[in-house]
2 protein chains.
Amino acid sequence: MKSDDIKEAALKYFTIHGYEGASLSQIAEEVGMKKQSLYAHFRGKDDLFLQVLHDAKETELLSKLQYFSNLRSSQPEEDLYGFLQLIVDLFQQNEQLKFWLRMSFFPPAHLQKEVDLEVIDIEEKTQALLQEKFRKWINEGLLHAEHPRIPTLAFFGVVDSIMLELVYMSDTKRLQEKLEASWKVFWRGISIR
Amino acid sequence: MKSDDIKEAALKYFTIHGYEGASLSQIAEEVGMKKQSLYAHFRGKDDLFLQVLHDAKETELLSKLQYFSNLRSSQPEEDLYGFLQLIVDLFQQNEQLKFWLRMSFFPPAHLQKEVDLEVIDIEEKTQALLQEKFRKWINEGLLHAEHPRIPTLAFFGVVDSIMLELVYMSDTKRLQEKLEASWKVFWRGISIR
DNA sequence: AGATAACTTACGAACGTTCGTTAATCAGAG
DNA sequence: CTCTGATTAACGAACGTTCGTAAGTTATCT
């Protein structure tokens, strides 16, 4: 499918240069066609962008849901640390997560409304899922007793900081060091004494 | 000074629309002049951007250095939590921190080198400063004994996640809740039991 | 003080280029 | 023949930048 090639190229340039900085000529050239030909597949730049955005969001959401549904054991230490590693892996496999991160925090001004809808959707779902996990773990006495919303929000904080580090990353060693440090302190902060 | 008005307007549009999305016409219009007149003050768009960037970095660096040098007491709990509040205050006072955050993580591609130099500079200085603080606190037995680099990196992680939340922020209540949660877990993770 | 020179700031006009988009045309496949 | 997808051509609009110029300010010298 040629549309997928276009979306792949668009993802790349949107990620590097942002919405305004990415030009349809570049994207078209990447897939070996003229920019006017893109209009056979998409209604325009906005349409292309929103489809790429939706795809990126869906794959990210799916990856996270799959990770949590494939957990057999109830071992918060492994499960949570594994989730952080999942984020790192996703970042290095596809460009989609980096694109998603950039656009969810710095969306093109005239599409902020549409972007926000996607952001809110994925956030509510993952947060509800994780908070439920924490609720169980706390009830089972595996974690420090407190309202599950607290470790949930704190963990998303760790995830966010790791993603930011992944964006900036020049060096894998530095990333791993920061991940270990954040995880160590976080785990000590939620585990039972 | 008219140059300052221009830089102020430029900061605003760079923050909202990014480098590529901000146009000199808009910036000029904001200060009540034509875009050609900007060239009496700056050599071009890149020059304007880099000056705004440098100013933003300097004020942020200065704010952080001042905060740490004005600490009289050796009370990590107050000092660290106060630093988080400082970040929140800086974000709501000036636009500069939001601009800085956006550009340090998603710089215009052709200026990445120049931006990186500023980022590395501010990061090295603040990190060295904070790590020294942690070293002292740990030596005084006020914090959990470990290599000071660990709580330093973890704390910067908390700071980053708070800043991301400030960028996204639609709601002050949500921000405060996330800040409290991250702080609670972080503090429990580094304090002595 | 008054005249002159130099510098600063702003403007209109125009430059060449690129942008996203539309329309007409054409090749190839079912 | 029809339909899908790609092309060429062309569009108005906006981009950053340069030029020449005019007005205002400052500095220098007699």
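The sequence lines fix the lettering, A, B, ..., with proteins before strands; numbering per chain opens at 1.
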A:Y81: what forms a ring pair (Phe, Tyr, Trp, His ring centres under 6.0 Å) with it, not counting sequence neighbours? A:W183
Under the ring pair (Phe, Tyr, Trp, His ring centres under 6.0 Å) test, which residues partner A:Y67, sequence neighbours left out? A:F83
Have A:T15 and A:E95 got a donor and an acceptor in their side chains that come within less than 3.5 Å? no
Within the 4.0 Å limit for protein heavy atoms, which parts of nucleotides 21-30 of chain C are touched? Write it as a string from 5' to 3', B for base, S for sugar-phosphate only, - for none. BB--------
Going by number, which of residues 7-19 of chain A have a non-hydrogen atom under 4.0 Å from DNA chain D? none
B:H17: partners by side chain to side chain contact (heavy atoms under 4.5 Å, CB included), with sequence neighbours left out: A:A109, B:Y13
Just to be sure I understand the rule, does B:A28 reach a base, reach only the sugar-phosphate, or reach nothing, if contact means heavy atoms closer than 4.0 Å? nothing
Using side-chain hydrogen bond (donor to acceptor under 3.5 Å, both in side chains) as the criterion, list what pairs up with A:E140, not counting sequence neighbours. A:S74
Give the first and the last nucleotide of DNA chain D, reading 5' to 3', that has any atom under 4.0 Å from a heavy atom of chain B. D:dC15 to D:dT18
So what does B:S23 touch, heavy atoms closer than 4.0 Å: a base, only the sugar-phosphate, or nothing? sugar-phosphate
Mapping A:S25 and B:M33 to their closest nucleotides on DNA chain C, which lands nearer the 5' end? B:M33
Partner residues of B:E60 under the side chain to side chain contact (heavy atoms under 4.5 Å, CB included) criterion, sequence neighbours left out: B:K64, B:L97, B:W100, B:I122
Output a table of donor-acceptor pairs, distance under 3.5 Å, between side-chain atoms of residues 150-163 of chain B and any protein atom two or more places apart or on a different chain; print 'none' if there are none.
| from | atom 1 | to | atom 2 | distance (Å) |
| --- | --- | --- | --- | --- |
| B:T152 | OG1 | B:P148 | O | 2.6 |
| B:D160 | OD2 | A:K178 | NZ | 3.3 |
| B:S161 | OG | B:V158 | O | 2.8 |

With A:F14, which residues qualify under ring pair (Phe, Tyr, Trp, His ring centres under 6.0 Å), at least two apart? A:Y19, A:F49
Whole angstrom is fine here: how far is it from CZ in B:F42 over to P in C:dT9? 11 Å
Got a sec, which residues hit side-chain hydrogen bond (donor to acceptor under 3.5 Å, both in side chains) with A:R188, two or more places apart in sequence or on another chain? B:H144
Can you name the side-chain hydrogen bond (donor to acceptor under 3.5 Å, both in side chains) partners of A:N94, sequence neighbours left out? none
